[in-house]
Amino acid sequence: METESEPYVRLASLRQLHQVMADMNTARSLADTLQTVADGVISALGYEMACVNLVRPDGDLVVAAFSGNSAAEALITGRVGSRDSWERRLGMGEKWGDLVFIPHTEGWVLDDDDVPQWYTDGPAPRFEDEWHPSDRLFAPMYTPGISGSSCGELLGVISVDRPRNGRHPGAWGREALQMYAFQAAIAISNARLRANMQRALVRLEREQQALRASEESFRQAFEYAPSGMAIAEMGGDQHGRILRSNDALCRLLGRPASAMRRYSFSDLVHPEDIGTLLRTSAEGGRAELRLGRRDGTYVWVSLRNSVVADAADGPRFLLTHVEDIEERKRRELQLAHRASHDALTGLPNSAELRSRLTSRLCRRSGEPESLDAAYGHPAYDVNGHGFDFAGATGGSSSSYDGFDHHVHTVAPDESRDDGAKGLAVLFCDLDGFKSINDRFGHNAGDAVLIEVARRLSRGVRDGDTVARLGGDEFVILADGLGQADAQDLAVRLRNEIIQPIRAEGRAVRVGASFGIGWAHCGMTADEVLKSADERMYVEKRSRPKAHRRAG
C-alpha cells in the first residue's frame, strides 16, 4: 500500500487492511493477538519491521511481539523498557495526530536509555521526505474510550521502521497507522478479557476434575515419576508460570513445591540459556539447558515439553519433563577439554592456543565502512543491543558495538620504550632436552616436560595462557605487558626452568631460549607465532652453546 500514490489507494489494499484487522479480533489468545498486530504492520501497512511493546501491571513496557526479522525477535522478545523512558519518547518529536515521529536529528539523545533498541546503519537522506535509518515512528495504543475516542490509559506502543518505499508516510499512511493502532488496542483489550474468562473456566474445570478418577491416576504418575515433572500455564499474561511440580523436580532443584509455584522456567534458567528456552517452550519441543538450584548452583537438564489441552478446544498447558543430565554434560566437557589440551602436561594444545590468539585479533586494521560490509547482510544486532524499530545508529570507530565488543590489540613501539602495553607472545624452546631423551629415555623426557609446564604455569599471572605447541616448545600469551615487563618475565621463567629437575631418580637440567613477539590486529595467529619463533632462534644463536643450558 505504501507504494501507491496518495490519495489513490487500491481497493485491494483496503481489503488487505480490513482482513488484518479482522484477524486481530479472531485470534485465540493474547499472545496470538499481539503477534497478529505485529505481522499486520508488515503485511498491510508496508513497513519492514514492527514491534508491539505492551504495558505490564507495574507500568513498564515489555517487548511482547515482533515481526520482520527473526534475529531481532530471538534477541529482544521479553525485554523491558521503563515507563519513564517511554514517556520521554512519546513527549518528543513531531505529533502526527496520535502518532509520534522523532526525526534522526533528535533521536540520538535516546540511544542510551533502557528501551530495547535496534541499531541500523545507512546513508543520510537525499531528499526531504526520505526515511533516515535513525528516524523513529511510534503509534501509541490506548484503552478504548467513550464513543470510540482514544482517551483511555496507555495500553502499549507499536513501533515501526523502514517503510518499503523509503519515504516518510503521507497523510493516508499516517491515518492508516493511527487507525490500525486504535483497532489493535480494542483487539488486545478483548483478548485480555477472553484470557481472564478462560482462566476462570480453568479454575472451575480443575475443581470438577478433582472428582474424576482419571485425575487420581494422573496425579500418581506425575507425583511419583523418577524424573522431574512440571505443569505450566500456556498463553495469557502468566505464560510459563509453574502450576505444579513433582517431588523429583523439587529435590533436583532443592526447592519446595510451594516455592516452585512462584516461578516460571524463565526465572530459573541460566541467563545464557534463556534464548534456548524461549525457542523451545512455545509449542513443545526439547532442549538441553541449565536450571538454578536453591543454593545458587546450576544443573544441566534435558527439558521436554508437551502441549496438553485441559478439555476439547479448552485451555492448554505445558507438561514439562526434566531429566538430570549433569553427569553426561560433565563427561562431554571432559572430552572437550581433552580435545583442546595436551594429554601429557594438561596445558592448552596448539589448536587451543591458536584459537585464543585468533579471538584477540581482527584481520583489518580499521573498522569496516558499515556492519553490512562486515557481515554480508543488513546490520541486525544479534548479540548486544536491542532494536528500537526506528533505526538508531550504533557502534564506534573502535568496536562493533553490539557484535563482539572487540578492542583492537596494538603492539608497543619497539623503537622506544614509552610504557605502552600490548599482548606479548613468548616462544620458549628447551635447550638440551634431546640429550635427556637420548640418555635416559622418554619417561625421563616426559617428566621434564611436565615439570617445565608446571614451572611455567606457576610463573605467570592468572589470566595468562601457557600452552604446549609441540615437542619441547611452549608459548606464553601475556596481555598488558610493556617491553621491559616481557623481558623480565622471560628472565624469570628461564631462571625457573634451569633449576634441577628430578626425572627417573636423577637430577637433570635443561635450559630455555625465549623469543618475544607482539600480537596486533592485522596479523594472523600463525604470523604472530612465526615472529616470536624467529626471535627465539635469534636469541638462541646469540648465546654460546655451552651457556644455553645454564641460561
Side-chain angles (χ1 to χ4, degrees), residues 29-32 35 62-66 70-71 73-80 202 206 217-310 315-336 382-383:
S29 67
L30 177 60
D32 290 342
Q35 189 59 51
V62 61
V63 177
F66 174 83
S70 57
E73 181 178 2
L75 174 69
I76 65 174
T77 299
R79 291 182 56 186
V80 177
V202 169
R206 287 175 183 165
S217 175
F218 173 80
R219 187 189 68 81
Q220 292 282 344
F222 180 88
E223 292 293 344
Y224 299 109
S227 55
M229 301 286 288
I231 299 176
E233 281 201 33
M234 185 174 181
D237 294 338
Q238 299 294 318
H239 177 78
R241 183 173 66 89
I242 296 174
L243 302 172
R244 193 170 172 182
S245 55
N246 71 350
D247 186 58
L249 181 59
C250 293
R251 290 197 309 271
L252 178 63
L253 301 183
R255 303 175 187 271
S258 58
M260 289 291 290
R261 288 192 292 269
R262 296 198 297 265
Y263 298 102
S264 67
F265 279 107
S266 61
D267 299 323
L268 301 173
V269 74
H270 191 284
E272 295 177 1
D273 299 335
I274 188 67
T276 302
L277 177 68
L278 292 175
R279 290 190 296 271
T280 303
S281 62
E283 285 292 343
R286 178 173 182 167
E288 294 183 355
L289 43 74
R290 289 159 289 183
L291 293 180
R293 293 188 176 108
R294 186 178 183 180
D295 61 4
T297 62
Y298 287 88
V299 58
W300 275 101
V301 300
S302 173
L303 186 147
R304 293 196 302 271
N305 288 328
S306 300
V307 179
V308 179
D310 195 15
R316 295 186 298 171
F317 302 92
L318 282 177
L319 177 62
T320 304
H321 175 231
V322 181
E323 181 181 357
D324 183 356
I325 59 170
E326 182 72 16
E327 186 60 33
R328 174 168 68 79
K329 278 293 182 179
R330 184 178 292 111
R331 290 196 299 270
E332 291 176 357
L333 292 174
Q334 290 173 349
L335 290 174
V382 295
N383 290 321

Side chain to side chain donor-acceptor pair (under 3.5 Å) partners of E327, counting only residues at least two apart
R330
Mind checking what makes salt bridge (charged side-chain N to carboxylate O under 4.0 Å, His left out) contact with D247, not counting sequence neighbours?
R251
Those residues that, when tested against A232, pass side-chain contact (heavy atoms from CB on, under 4.5 Å) (two or more places apart):
L318
Contacts of E288 meeting side chain to side chain donor-acceptor pair (under 3.5 Å) (sequence neighbours excluded), chain-then-number -> R328, K329
Going through the checks in order, is the side chain to side chain contact (heavy atoms under 4.5 Å, CB included) test met by E223 and R244?
CA-CA 10 Å; E223 292 293 344; R244 193 170 172 182; 3.8 Å; yes
What residues form a salt bridge (charged side-chain N to carboxylate O under 4.0 Å, His left out) with D273, not counting sequence neighbours?
R290
State which residues pass side-chain contact (heavy atoms from CB on, under 4.5 Å) with V62; sequence neighbours excluded, sorted by chain then number.
L54, R56, V80
Set of side-chain contact (heavy atoms from CB on, under 4.5 Å) partners for R294, sequence neighbours left out
R255, P256
By side chain to side chain donor-acceptor pair (under 3.5 Å), which residues pair with T297, not counting sequence neighbours?
R293, D295
Which residues pass the ring pair (Phe, Tyr, Trp, His ring centres under 6.0 Å) test with Y263, not counting sequence neighbours?
none
So, using side chain to side chain donor-acceptor pair (under 3.5 Å) as the criterion, who are the partners of E73 when residues are at least two apart?
none
Who are the side-chain contact (heavy atoms from CB on, under 4.5 Å) partners of S266, not counting sequence neighbours?
S264, I274, L277
